[in-house]
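All values below come from the heavy atoms of this structure, side chains included, with hydrogens, waters and symmetry mates left out.
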Amino acid sequence: MSEMQSLLQQIHVRAAELNAHRGLWRAIRLIAAQSLLDYTSAPPAVRHVVKDSASYALVIVILRIWHQRPRAATAASFKKALVLSGWGSKGRATDLIAYMQDRKLLLPSGKGRRTLLAPAAELLAYHRAGILSATDALRVLGSFAAATIDVTEGFVREYIVTSAELAEGMFAESGLWEPRPLSMFFERDAGLPFLYALLEAIAGERPAGEGAVSVSGLATRLGVSRPHILKMLVDSTDQGFLLWNGTQRTVRLTPELLTDIESFFAGMLSVHELYLEHAVRRIPL
């Protein structure tokens with residue numbers, strides 16, 4: 001068994017443990033509440049470049065290349081990496097990079113034959129907030145790795161480089177990833193914050209009940225239109241994720257969606273824990 005195969009096996013075993021942990025929904029709710037707050041309080045330009053899977057993947061690509069290979073941090077490199085990842089197209093990357101440059105989220109960091117680009121502090125801060133909330137969630141689950149880590153700016157640098165190295169190796173070892181749970185929410189504008197807002201509206205640690213939803217309130221909070229929110233509610237119901245009652249303005253999450261949420265977060269947290277364990281080894285004693 002190769003080292004990467006061993007790491008993948010470790011992730012799968014740990015994900016199964018977390019999926020069975022009695023505190024999993026406390027951890028999920030912690031991430032959901034903090035991520036929703038981070039998203040709604042972020043500057044509009046930052047929200048625009050993390051609002052769906054393709055845009056968020058490009059931000060990750062930019063952060064990883066800039067930390068791992070700063071002399072290769074060019075618009076062309078970012079586009080190529082995003083396309084190779086399968087998360088977005090060259091055209092989408094071109095538009096997003098132009099937007100980030102216009103809004104000063106990507107800054108010139110040197111000139112030569114190619115213009116090098118560096119992510120602005122706002123992008124780094126948003127990514128650090130995500131690392132911190134996932135680390136706090138692992139603490140809820142009793143993770144030894146998470147218990148002793150201080151998510152400083154220096155640690156975030158090591159985490160980003162570690163995640164770049166391990167993700168590349170694990171992807172090559174495992175081939176194409178299987179379709180992800182929650183993919184519909186990843187792919188829509190503000191789809192994950194929308195899901196997090198639904199979780200917030202439903203009482204109980206495991207949100208098996210019913211909650212009241214204000215379409216206009218969600219639209220205002222997430223910075224999208226009312227028709228967009230309505231379409232997500234209707235499409236999610238049609239695909240078997242929600243039970244949306246348009247007359248009563250209530251929503252219930254289906255058992256299938258609850259299972260998908262549990263599987264996604266157990267897997268995500270197991271990968272995050274692995275990154276934490278490897279990143280902390282890079283820090284000089």
Checklist outcome for this item: Heavy-atom closest pair (S236 atom, M184 atom, distance to 0.1 Å) is OG-CE, 2.8 Å
Next on the checklist: Restricting to non-hydrogen atoms, name the atom on S35 and the atom on S133 that form the minimum distance, rounded to 0.1 Å.
Outcome noted: OG-OG, 4.2 Å
Are [X] and [Y] packed together at the side-chain level, in the sense that at least one heavy-atom pair is separated by less than 4.5 angstrom?
X    : Y    : value
Q248 : E210 : no
F194 : L233 : yes
W25  : I261 : yes
E165 : R282 : yes
H278 : L7   : yes
I97  : L58  : yes
P70  : L116 : no
W244 : V213 : yes

Does [X] have any ring pair (Phe, Tyr, Trp, His ring centres under 6.0 Å) partners at least two apart in sequence or in another chain, and if so, which?
X    : answer
F185 : F241
Y159 : H272, Y275
H48  : Y99

Nearest-0.5 Å distance that lies between atom [atom1] in [X] and atom [atom2] in [Y]:
X    : Y    : atom1 : atom2 : answer
I160 : F155 : CD1   : CZ    : 10.5 Å
R128 : D38  : CZ    : CG    : 11.0 Å
L82  : F78  : CG    : CZ    : 11.5 Å
L230 : S216 : CG    : OG    : 9.5 Å
L182 : M268 : CG    : CE    : 10.0 Å
I65  : T74  : CD1   : OG1   : 7.5 Å

side-chain contact (heavy atoms from CB on, under 4.5 Å) against [X], all qualifying residues, sequence neighbours excluded:
X    : answer
P193 : L36, Y39, L222
E256 : T254
A164 : R64, Q68
S89  : R92

Shared ILVMFWY cluster between [X] and [Y], side chains joined below 4.5 angstrom?
X    : Y    : value
V161 : L132 : no
L30  : I28  : no
L138 : V140 : no
L24  : L198 : yes
I62  : V83  : no

Next on the checklist: Using a 3.5 Å distance criterion without hydrogens, assess whether the side chain of R252 forms a donor-acceptor pair with backbone atoms of N245.
Outcome noted: no
Item to check | L117/S109 under side-chain contact (heavy atoms from CB on, under 4.5 Å): CA gap, chis, key distance, verdict | outcome: CA-CA 5 Å; L117 298 170; S109 66; 5.7 Å; no
Checklist entry - Run the salt bridge (Lys or Arg N to Asp or Glu O under 4.0 Å) check on E158 and R281 step by step: do they pass? => result CA-CA 9 Å; E158 301 303 336; R281 297 174 193 170; over 6 Å; no
With sequence neighbours excluded, tell me which residues meet salt bridge (charged side-chain N to carboxylate O under 4.0 Å, His left out) with [X].
X    : answer
R221 : E200
R188 : D235
K79  : none

Item to check | Ionic contact status for E277 with R14, cut-off 4.0 Å | outcome: no
Next on the checklist: Test of understanding: with side-chain hydrogen bond (donor to acceptor under 3.5 Å, both in side chains), list the residues that count as partners of T162, not counting sequence neighbours.
Outcome noted: none
Next on the checklist: Show, in sequence, the C-alpha distance, side-chain angles and deciding distance for L243 and V251, and conclude whether the side-chain contact (heavy atoms from CB on, under 4.5 Å) test is met.
Outcome noted: CA-CA 6 Å; L243 297 173; V251 68; over 6 Å; no
Checklist outcome for this item: Contacts satisfying salt bridge (Lys or Arg N to Asp or Glu O under 4.0 Å) that involve residues 133-157 (not counting sequence neighbours) are D136-R139
Next on the checklist: For E187 and K51: C-alpha separation, side-chain torsions, deciding distance, then whether salt bridge (Lys or Arg N to Asp or Glu O under 4.0 Å) applies.
Outcome noted: CA-CA 9 Å; E187 292 161 4; K51 65 183 181 179; over 6 Å; no
Checklist entry - How far apart are the C-alpha atoms of F186 and F264, what are their side-chain angles, what is the distance that settles it, and do they pass the ring-ring contact (aromatic ring centres under 6.0 Å, His included) test? => result CA-CA 12 Å; F186 276 102; F264 169 75; 5.3 Å; yes
Checklist entry - Please walk me through it: do M100 and V49 pass side-chain contact (heavy atoms from CB on, under 4.5 Å)? => result CA-CA 8 Å; M100 283 189 253; V49 298; 3.7 Å; yes
